[in-house]
Every structure is written in structure tokens, then in C-alpha cells.
Student: 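Structure in C-alpha cells, see below.
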Amino acid sequence: MRQIRAPETFRVKSFGCQMNVYDGERMAELLAEKGMRAAPEGAEADLVVLNTCHIREKAAEKVYSDIGRLVKAGGDRPPMIAVAGCVAQAEGEEIMARAPAVGLVVGPQAYHRLPSMIDQVVGGQRAADTDMPADAKFAALPARRRVGPSAFLTIQEGCDKFCTYCVVPYTRGAEISRPFSDLLREAETLVEHGAREITLLGQNVNAWSNDETGFDSLIRELAKIPDLRRIRYTTSHPNDVTEGLIRAHAEVDKLMPYLHLPVQSGSDRVLRAMNRSHTADSYLRLLDRFRAARPDLALSGDFIVGFPGESDAEFEETLRLVDAVGYAQAFSFKYSPRPGTPAATMDDQIAGDVMDERLQRLQASINRDQLAFNEASVGKHCQVLVERKGKKPGQWLGKSPWLQSVHFEGEAAMGDVVEVELVQAGPNSLAALLLTSGAAEAA
Ligand code: SAH
Ligand code: SF4
Ligand code: F3S
């Protein structure tokens, strides 16, 4: 391979879940520490990191077409291309073999080694690292500094649950929990640099534990950081819910009234085939307990339609579960066979047009409930964390406690927590009137 110029500018493109967003931010920090600059919007970068997701179909195809586009746009000066994330973990070798334009491949547990891998590529040698050393990555990363009012903090990674449709246990490895003291330090640094809300992240975030300390104790400790105003977490798993977590929703003011608890299906037979180890009914009873602790809790979930063997009647059970819950928000996907997972080779794979039709019906129900939830919020007074400027002059965008997008006009600044009245609802956002400004509130 020919000698390559050391990259001076970079761009990180993250796909997939919030954990990938977090990883993308950490990679950017790492590259900045190495002396590189983020390429300005619209400009070509010397190094492009494709931080990929493998959760649903065509993930690999998409990576190859992105690579092709980058090579073409670069003309006689193509950028150094790094493939990171879950596709890199699952198909790293194949990518190296099929795409000579790729300089390096780095898995989600190895990206702290990015700087030395870049040096290796500059030296004329392609590099690949998809090792999964438990926990080594975090210790090797520089301190946080690029943060907005709302920041992510990965506290737990990996998954031991092995749902039969899912690649995550293979791409992210076994469950690990980061040590409590590291998390406290990182949270404090985030707040020092302007974060007012922290969203705790994990593939099974509520499985976090460390030296007898459980997830709800972590929330209670973080809530003691004075300038931290809001705590959220995602994604939680029904089987790791504890009484302590439910109580935290009643007792910790800074813990926002929002719960993302995926259920996937309303049919017990399908749930068993998915290896979910909860039933539709046990899920609903769990939600009842959360709602008893925090009556205004906004609920969110994930659904898969067209899992192998799913009958019309079983799909109807999912619709009934949605009706029973009344989600404030939910995500629904067509089942996608993932290479190497048990479900991919099950009999009775469902035809595409059947999945399309089921997805449409499910999404119609979810959209109806989401609009109803937003409409029921009109007239409420609540606090909004101001996250950025809106398109119109004087307009601000932020989030309600229930994670609704809210826009309003008036005197405010990023990071303020302001009091508003919600006055108008749409399917995806609400308009509000400013009641107190951030400055007045701080006085
Ligand atoms: N750990 C989380 C979710 C991780 S993946 C949990 O278990 O709840 C995010 C969502 O993607 C899943 O909740 C599921 O709804 C969806 N998903 C995962 N694998 C999929 C597949 N093979 N096909 C379609 N959707 C899938
Ligand atoms: Fe995937 Fe299931 Fe693990 Fe969630 S719990 S990451 S869906 S295997
Ligand atoms: Fe995708 Fe990996 Fe997240 S497969 S959803 S980026 S854990």
C-alpha cells in the first residue's frame, strides 16, 4: 500500500443506536486529542469514520455504498476511510477483503486504539482490530469536553440475553458494567462542561451493577450533582427491573417521567420463540407498578412485526397490547433475519407484503396514541430544558419532562430550564408559551 498523508481533518458519521452516538463523540474527542480538527460542514475530510450499525437488513450493503461514494467524491485524493461500529465487528475481515479503499476496521470495544491504527495506515499498512477486551476502552479515552445541554453517558455495554433475532450479543459482547467511581467522575465532568441532563446508556442499562451497588443507587448518587437537572436512561429490559428502580421514579425528582421498555410482541408464543423470557401480561403488570409510582409516566417501547411464524391472530395480540398501554412514543420494525442468529433459519419466514401491511397497521395505532398523548398535554405547565435555537428568530427548542420536543419564543439560553405552558400539539412536537425565563428562574 502506498504512503498516505497524515490526516488533519476528520468526520465521524454514526448510525444506529444512541450508544453509537456516544461512541462517535468519544472517537471525535480522541482524534481531537491527537491534534486533528473536525472538518467543517460540507467540506471534504481527510479521514472519514463510518460508525456503523448491524441491527437490521442491508447494513453491510449500506457501508459498501457509502465507501463507494466517499471514494468517488474524493477524486484523486480519496480520504482515509475507517469502518467502526457493529458492522465492523461482525464483518470486519470481509470488509477489508472486499473494499481496498478502507484503511482500517475497528470494533466497538477497540476504538481507543484508533490513533495508533491511523499511524499504521499512514505508514502504509492497513489495520484491523475487533478484539473485545472487557472495559479497557473507557480507561484509555481522554476526558469529556465537547458537550451540549443534554449528554449521553454509557454505563453498561453488551448483552447476555440472546433474543433469537438479535445481533447485539455478538457485536457488542457480554454484559459489562463500568465502575461507579468512573461514572461519577465522567458525569461531573459533563456537568462542568455544561450538561444539564444526562441520559445513561446501555444495551440493558438497568442491568448495571457494581460492588453491590444497583442501577437505582447509581441514579440516586448522580442526582446529588448540584447542577445536573435531569436524569434519563435507555434502554431498559423488563427482566432487569427492580423494586428500587420503580421506587426511584417516585422518589428522585431529577429522574424524568419517561420509560423506554421494549416488549417486541403481544403474543406469548412469539415472545417465547424470541427467547424474551417475559410474557405480555408480566410486562403489563410491570408497567402498572411503574405507573403507580409515577402516574404521569410517559411510556415508550420497541416492536418487531413478522417474526418467523407470527400468525395474523398473534399480530392482533400486539395491536391489543398497544391499545392497552397507550404509548407516548414507540418504535416498530419489520423483522430482519440477521446472519448467525437462530431466528434467521427458523421455518415460516413471513412474506414482505404481509410484514408491510402489519407494520402500517401497528404504526397507525402508535401514531394515534402519540398524538393523543401530546394533545392531552395541552394546557399543562411544565419545565423545558433548552437544547438549541429554532429556525425562526427568537425561537428555542427543548424537551419536556416526557421527552416531547417543545418550541417556544422568548428570552432564554441553551442549558436553561424554563417554565412553559404547552399550548398546541402536533404528532411530533408541541408549541409552548414561556412563563419564566431561565435567568429569572436562576435568580
Ligand atoms: N437491548 C434493547 C434493544 C436493542 S436493539 C432491548 O432488548 O430492548 C433495538 C431494537 O431493535 C429492539 O428492541 C428490536 O425491537 C429491534 N430489533 C433488534 N433486532 C432486530 C431484527 N433482527 N429485526 C428487526 N428489529 C430488530
Ligand atoms: Fe438484543 Fe435482546 Fe439483548 Fe436487547 S435484550 S440487545 S433485543 S439480545
Ligand atoms: Fe446497531 Fe450496534 Fe447499536 S447493531 S443498534 S449500533 S448496538
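Computed from a prediction, not measured in an experiment: that's the story for all the values here. Numbering of ligands and ligand atoms starts at 1, following listing order.
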Student: I need the atoms of ligand 1 closer than 4.0 Å to a non-hydrogen atom of Arg338, numbered in the order shown.
Tutor: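 Those of ligand 1 that fall under 4.0 Å from Arg338 are 22 (N).
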
Student: What are the atoms of ligand 1, with element, lying closer than 4.0 Å to any heavy atom of Gln203?
Tutor: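 Answer, ordered by atom number: 1 (N), 2 (C).
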
Student: Tell me the contacting part of Tyr165 for ligand 1: side chain, backbone, both, or neither, using a 4.0 Å heavy-atom threshold, strictly below.
Tutor: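 For Tyr165, the contact with ligand 1 is made by both the backbone and the side chain.
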
Student: Run the numbers for me: atoms of ligand 2, each under 4.0 Å from some heavy atom of Pro169, listed by number.
Tutor: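 Ligand 2 atoms under the 4.0 Å threshold to Pro169: 8 (S).
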
Student: Could you list the atoms of ligand 1 found under 4.0 angstrom from a heavy atom of Pro262?
Tutor: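 Answer for ligand 1: 8 (O).
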
Student: Thinking salt bridges, do Arg358 and Asp356 make one under a 4.0 Å N-O criterion?
Tutor: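 Judged by the 4.0 Å cut-off on N to carboxylate O distance, Arg358 and Asp356 do not form a salt bridge.
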
Student: Does His260 reach ligand 1, in the sense of a heavy atom lying below 4.0 Å from it?
Tutor: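 Checking ligand 1 against His260, which is what was asked, there is no heavy-atom contact under 4.0 Å.
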
Student: Whether Asp23 and Arg172 form a salt bridge (side-chain N of Lys/Arg under 4.0 Å from carboxylate O of Asp/Glu) is what I want to check.
Tutor: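 Result for this pair is yes, salt bridge flagged.
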
Student: Between the side chains of Ser377 and Gln404, is a donor N or O closer than 3.5 angstrom to an acceptor N or O?
Tutor: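 There is such a pair (donor and acceptor under 3.5 Å, judged by atom type) between the side chains of Ser377 and Gln404.
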
Student: Which residue and non-hydrogen atom of the protein lie closest to atom 16 (C) of ligand 1, and at what distance in Å?
Tutor: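 For atom 16 (C) of ligand 1, the nearest protein heavy atom comes out as Arg56 NH1, 3.3 Å.
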
Student: Would you mind listing which atoms of ligand 3 come within a distance below 4.0 Å of any non-hydrogen atom of Asn20?
Tutor: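 In order of number, 6 (S).
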
Student: Once you round to the nearest 0.5 Å, how far does NZ of Lys62 lie from CD1 of Ile67?
Tutor: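 Answer for the NZ-CD1 pair, Lys62 versus Ile67, is 11.0 Å.
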
Student: Give the contacting part of Arg172 toward ligand 3: side chain, backbone, both or neither, where contact means a heavy-atom distance below 4.0 Å.
Tutor: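 Looking at Arg172 and ligand 3, just side chain atoms fall under 4.0 Å.
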
Student: May I ask you to check whether Tyr165 and Phe333 place their ring centers less than 6.0 Å from one another?
Tutor: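 So the answer is no for these two rings.
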
Student: Can a salt bridge be assigned to the pair Lys334 and Glu57 using a cut-off of 4.0 Å between side-chain N and carboxylate O?
Tutor: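 Judged by the 4.0 Å cut-off on N to carboxylate O distance, Lys334 and Glu57 do not form a salt bridge.
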
Student: Between the candidates Gln203, Met19, Arg56, which shows the shortest non-hydrogen contact distance to atom 7 (S) of ligand 3?
Tutor: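 Considering heavy atoms of Gln203, Met19, Arg56, the nearest to atom 7 (S) of ligand 3 sits in Gln203.
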
Student: Distance check, rounded to the nearest 0.5 Å: Phe215 atom CZ versus Asp240 atom CG?
Tutor: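 With rounding to 0.5 Å, CZ (Phe215) is 10.5 Å from CG (Asp240).
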
Student: What atoms of ligand 1 come closer than 4.0 angstrom to any heavy atom of Lys334?
Tutor: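 Ligand 1 atoms under the 4.0 Å threshold to Lys334: 23 (N), 24 (C).
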
Student: So which heavy atom in the protein is nearest atom 5 (S) of ligand 1, and how far is it from that ligand atom?
Tutor: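 Heavy-atom neighbour on the protein nearest atom 5 (S) of ligand 1: Ile55 CD1, 3.6 Å.
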
Student: Are any N, O or S atoms from Cys166 nearer to atom 1 (Fe) of ligand 2 than 2.8 Å?
Tutor: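 True for Cys166.
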
Student: Show your reasoning for whether salt bridge (charged side-chain N to carboxylate O under 4.0 Å, His left out) applies to Arg196 and Glu387.
Tutor: CA-CA 10 Å; Arg196 293 295 167 264; Glu387 294 182 14; over 6 Å; no

Student: Would one find an N or O of Ser336, backbone or side chain, under 3.5 Å from an N or O of ligand 1?
Tutor: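 Checking ligand 1 against Ser336, an N or O pair does fall under 3.5 Å apart.
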
Student: State the atoms of ligand 1, each with its element, that fall below the 4.0 Å cut-off from a heavy-atom position in Arg276.
Tutor: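 Ligand 1 atoms under the 4.0 Å threshold to Arg276: 7 (O).
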
Student: Name the closest protein heavy atom to atom 10 (C) of ligand 1, giving the residue it belongs to and the distance to 0.1 Å.
Tutor: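 For this ligand atom, the closest protein heavy atom is Asp302 OD2, 3.4 Å.
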
Student: Look at atom CD of Glu93 and say whether more than 12 heavy atoms of other residues, nucleotides or ligands are closer to it than 6.0 Å.
Tutor: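 No, because the 6.0 Å sphere around CD of Glu93 holds 12 heavy atoms or fewer from other groups.
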
Student: So Asp46 and Met80, do their side chains get closer than 4.5 Å, heavy atoms only?
Tutor: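 No. Closest side-chain heavy atoms not under 4.5 Å.
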
Student: Closer than 4.0 Å to some heavy atom of Cys53 - which atoms of ligand 3 meet that?
Tutor: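 Numbered from 1, ligand 3 contributes 1 (Fe), 4 (S), 5 (S), 6 (S).
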
Student: Considering only heavy atoms of Gln264, which atoms of ligand 1 have at least one such atom less than 4.0 Å away?
Tutor: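 Checking each atom against Gln264, I get 12 (C), 13 (O), 14 (C), 15 (O).
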
Student: Side chains of Glu197 and Ser150: do they bring a donor and an acceptor to under 3.5 Å?
Tutor: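 Yes, Ser150 and Glu197 have a side-chain donor paired with an acceptor closer than 3.5 Å.
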
